[in-house]
Amino acid sequence: MSTAPDEEIRKVVNRLKRARGQLSAVIDAMETDADCRDVVIQLAAVGKAIDRAGFAVIGTALKHCITEDADEGAPSVQELEKLFLTLA
């Protein structure tokens, strides 16, 4: 992903930082015996945030790594497909 523009990387990192904050809130809720419905809703939000970050990474790779002049170490279409299916 090294060929991705800084803006795209920043967006993914910000999404992951938000997910980290949500996960910390879930842990705190569990430790304080919060309502299980609230915990499950927050866990679902964390899961979605992480999934979206993963899809954003793959999308960025599709836009910037799959070109005729891509680096030799760039993921192939088959590798990206496998990564995508890992998240699905």
Side-chain angles (χ1 to χ4, degrees):
M1 207 165 103
S2 61
T3 60
D6 290 341
E7 178 67 16
E8 291 181 24
I9 293 170
R10 186 188 62 76
K11 286 180 182 179
V12 172
V13 169
N14 285 342
R15 186 181 301 264
L16 289 171
K17 286 180 179 180
R18 281 193 304 276
R20 180 174 53 193
Q22 288 174 308
L23 184 56
S24 292
V26 169
I27 292 168
D28 291 345
M30 291 294 298
E31 291 176 341
T32 60
D33 202 27
D35 183 72
C36 66
R37 291 170 289 208
D38 295 336
V39 170
V40 170
I41 289 169
Q42 286 302 313
L43 277 174
V46 171
K48 280 190 175 198
I50 291 171
D51 287 346
R52 287 182 180 184
F55 287 124
V57 169
I58 293 169
T60 298
L62 285 171
K63 288 189 281 186
H64 301 285
C65 294
I66 307 289
T67 62
E68 290 183 24
D69 60 338
D71 296 335
E72 284 185 34
S76 68
V77 173
Q78 292 81 14
E79 289 172 308
L80 288 171
E81 181 180 359
K82 185 177 179 180
L83 289 171
F84 178 81
L85 292 174
T86 299
L87 291 173

With sequence neighbours left out, what residues match [X] under side-chain contact (heavy atoms from CB on, under 4.5 Å)?
{"X": "Leu83", "result": "Ile58, Leu80"}
{"X": "Glu31", "result": "Ile27, Asp28"}
{"X": "Val39", "result": "Val26, Ala29, Met30, Ala34, Leu43"}
{"X": "Arg18", "result": "Asn14, Arg15"}

(message) Can you pull out every salt bridge (Lys or Arg N to Asp or Glu O under 4.0 Å) where at least one residue sits in residues 34-43? Sequence neighbours excluded, please.
(response)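 Only Asp35-Arg37 qualify under salt bridge (Lys or Arg N to Asp or Glu O under 4.0 Å).
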(request) Quick one: which residue pairs count as a salt bridge (Lys or Arg N to Asp or Glu O under 4.0 Å) with a foot in residues 40-58, not counting sequence neighbours? (result)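 Qualifying pairs: none.
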(request) Could you tell me which residues satisfy salt bridge (charged side-chain N to carboxylate O under 4.0 Å, His left out) with Arg10, sequence neighbours excluded, listed by chain and number? (result)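 For Arg10 the salt bridge (charged side-chain N to carboxylate O under 4.0 Å, His left out) partners, ignoring immediate neighbours, are Glu7.
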(request) Applying salt bridge (charged side-chain N to carboxylate O under 4.0 Å, His left out), name anything that partners Asp33, two or more places apart in sequence or on another chain. (result)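 Residues passing salt bridge (charged side-chain N to carboxylate O under 4.0 Å, His left out) with Asp33: none at all.
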Listing request: all ring pair (Phe, Tyr, Trp, His ring centres under 6.0 Å) pairs with a residue in [range], at least two apart in sequence or in separate chains.
{"range": "residues 6-29", "answer": "none"}
{"range": "residues 36-62", "answer": "Phe55-Phe84"}
{"range": "residues 7-40", "answer": "none"}

(request) Work out which heavy atom in Ala19 is nearest to a heavy atom in Ile50; give both atom names and the distance. (result)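 Smallest interatomic distance, heavy atoms only, reads CB-CG1, 4.0 Å.
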(request) Give the minimum heavy-atom separation between Val12 and Ala53, together with the two atoms involved. (result)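 Scanning both residues, the minimum pair turns out to be CG1-O, 4.2 Å.
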(request) Please name all residues satisfying side-chain hydrogen bond (donor to acceptor under 3.5 Å, both in side chains) with Glu81, sequence neighbours left out, ordered by chain then number. (result)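 Partners of Glu81 by the side-chain hydrogen bond (donor to acceptor under 3.5 Å, both in side chains) criterion come out as none, since no residue qualifies.
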